[in-house]
Amino acid sequence: MGLVALEGVGKVFRGRTGSWEAVRDFTLSLEEGEFFCLLGTSGCGKTTVLNMLAGFEAPTSGRILLDGKPVTRPGADRGVVFQGHDSLYDWLTALDNIGFGLRLRGVRRTERRATAERFLQMVGLNGQGAKHPSELSGGMKQRIQIARALANDPRILLMDEPFGALDAMTRAVLQAELSRIWAETRKTVLFITHDIEEACALATRVGVMKRGPGGTLKAVVPVDLPFPRERTSDGFMRVFREVHALIHEEIHGGH
Ligand SMILES: Nc1ncnc2c1ncn2[C@@H]1O[C@H](COP(=O)(O)OP(=O)(O)O)[C@@H](O)[C@H]1O
Ligand SMILES: [Mg+2]
């Protein structure tokens with residue numbers, strides 16, 4: 001049995017103007033230590049899947065298990081990294097942001113600082129711990145979010161297009177850094193993106209979603225290439241083409 005199991009998960013949003021089926025019959029098992037990229041076009045239901053696993057939204061059908069137990073609410077066993085950086089507290093320093101979850105759990109100050117320093121260093125921000133989020137670049141803020149999520153030692157890291165708002169160069173640097181951190185920690189990751197190259201560069205498996213309404217998992221492509229990934233290699237190109245063909249049908253209307 002995998003670390004995470006999504007079993008026939010569906011989500012229908014009901015509003016005053018009617019209902020919208022965002023996700024339909026989504027089934028996936030995540031193994032401990034894998035880096036799973038969920039790829040899909042805009043609006044196909046990626047964020048909805050992540051939000052249900054995070055415990056922010058309840059499924060309307062099916063069930064979600066983490067370590068064999070149903071997910072019913074958010075918890076420290078799932079670390080979430082969002083696309084924007086609004087989730088960082090601007091009145092706290094970078095170091096105190098990283099240590100915030102530890103503080104909530106009553107970890108003592110000296111241990112908290114030591115752990116926060118360790119993760120600050122891991123994300124390459126040594127010596128920047130006293131700065132506040134407003135004094136940091138977009139890329140640095142995403143590093144802080146990653147460090148904060150890891151500092152809580154979650155069972156799984158949930159990342160929703162975390163590099164989507166960054167410029168291309170910063171994004172490439174952060175992708176490489178995340179890949180290195182994953183290799184170091186072997187933390188299980190569910191990473192959401194609409195960028196084919198990003199998925200192929202990071203993932204051990206890429207899940208491609210069908211477009212909505214009723215977005216669901218269409219195919220899973222294993223990416224059996226060594227890290228760090230060489231994006232101009234034949235192997236990379238081969239995987240890219242395979243994934244591209246799957247997503248192309250979703251963009252251009254094939255079924
Ligand atoms: N709270 C909500 N109420 C109604 N519809 C929603 C809500 N959240 C998402 N949706 C709809 O569900 C679909 C999937 O959204 P989302 O999961 O955000 O897609 P993605 O992250 O793949 O771009 C979209 O059509 C979106 O408009
Ligand atoms: Mg989204």
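As the structure lists them, so they are numbered: ligands from 1, and atoms in each ligand from 1.
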Using a 6.0 Å distance limit plus a 45 degree cone around the ring axis, check whether Arg180 lies over the aromatic ring of Trp182.
no

Identify whether NZ of Lys or CZ of Arg in Arg229 sits under 6.0 Å from the centre of the six-membered ring of Phe227 and within 45° of that ring's axis.
yes

Under the 3.5 angstrom rule, does the side chain of Gln142 hit a backbone N or O of Gln83 as a donor-acceptor pair?
yes

Without swapping roles, check the side chain of Asp67 against the backbone of Lys69 for a donor-acceptor pair under 3.5 Å.
no

Among all protein non-hydrogen atoms, which one is nearest to [atom], and what is the separation to 0.1 Å?
atom: atom 18 (O) of ligand 1; answer: Thr47 CB, 3.6 Å
atom: atom 19 (O) of ligand 1; answer: Gly45 N, 3.3 Å
atom: atom 13 (C) of ligand 1; answer: Trp20 NE1, 3.4 Å
atom: atom 14 (C) of ligand 1; answer: Gly43 O, 3.4 Å

Polar contacts were defined as any N/O atom of the residue lying under 3.5 Å from an N/O atom of the ligand; does this apply to [X] and ligand 1?
X: Thr48; value: yes
X: Phe13; value: no
X: Ala22; value: no

Is there an N/O/S atom in Thr47 that lies less than 2.8 Å from the Mg ion (ligand 2)?
yes

Determine, for Arg155 against Glu32, whether the closest basic-nitrogen to carboxylate-oxygen distance falls under 4.0 angstrom.
yes

Got a salt bridge between Arg103 and Asp96, using NZ or NE/NH1/NH2 to carboxylate O under 4.0 Å?
no

Output yes when a protein non-hydrogen atom is found under 4.0 Å of atom 27 (O) of ligand 1, and no otherwise.
no

Check: Phe36 ring centre within less than 6.0 Å of Phe191 ring centre
no

Rounded to the nearest 0.5 Å, what separation is found between the CG atom of Leu88 and the CG atom of Asn97?
5.0 Å

Pull out every atom of ligand 1 sitting under 4.0 Å from any heavy atom of Ser42, numbered as shown with elements.
23 (O)

Looking at ligand 1, is there an atom of it that comes within less than 4.0 Å of some heavy atom belonging to Gly212?
no

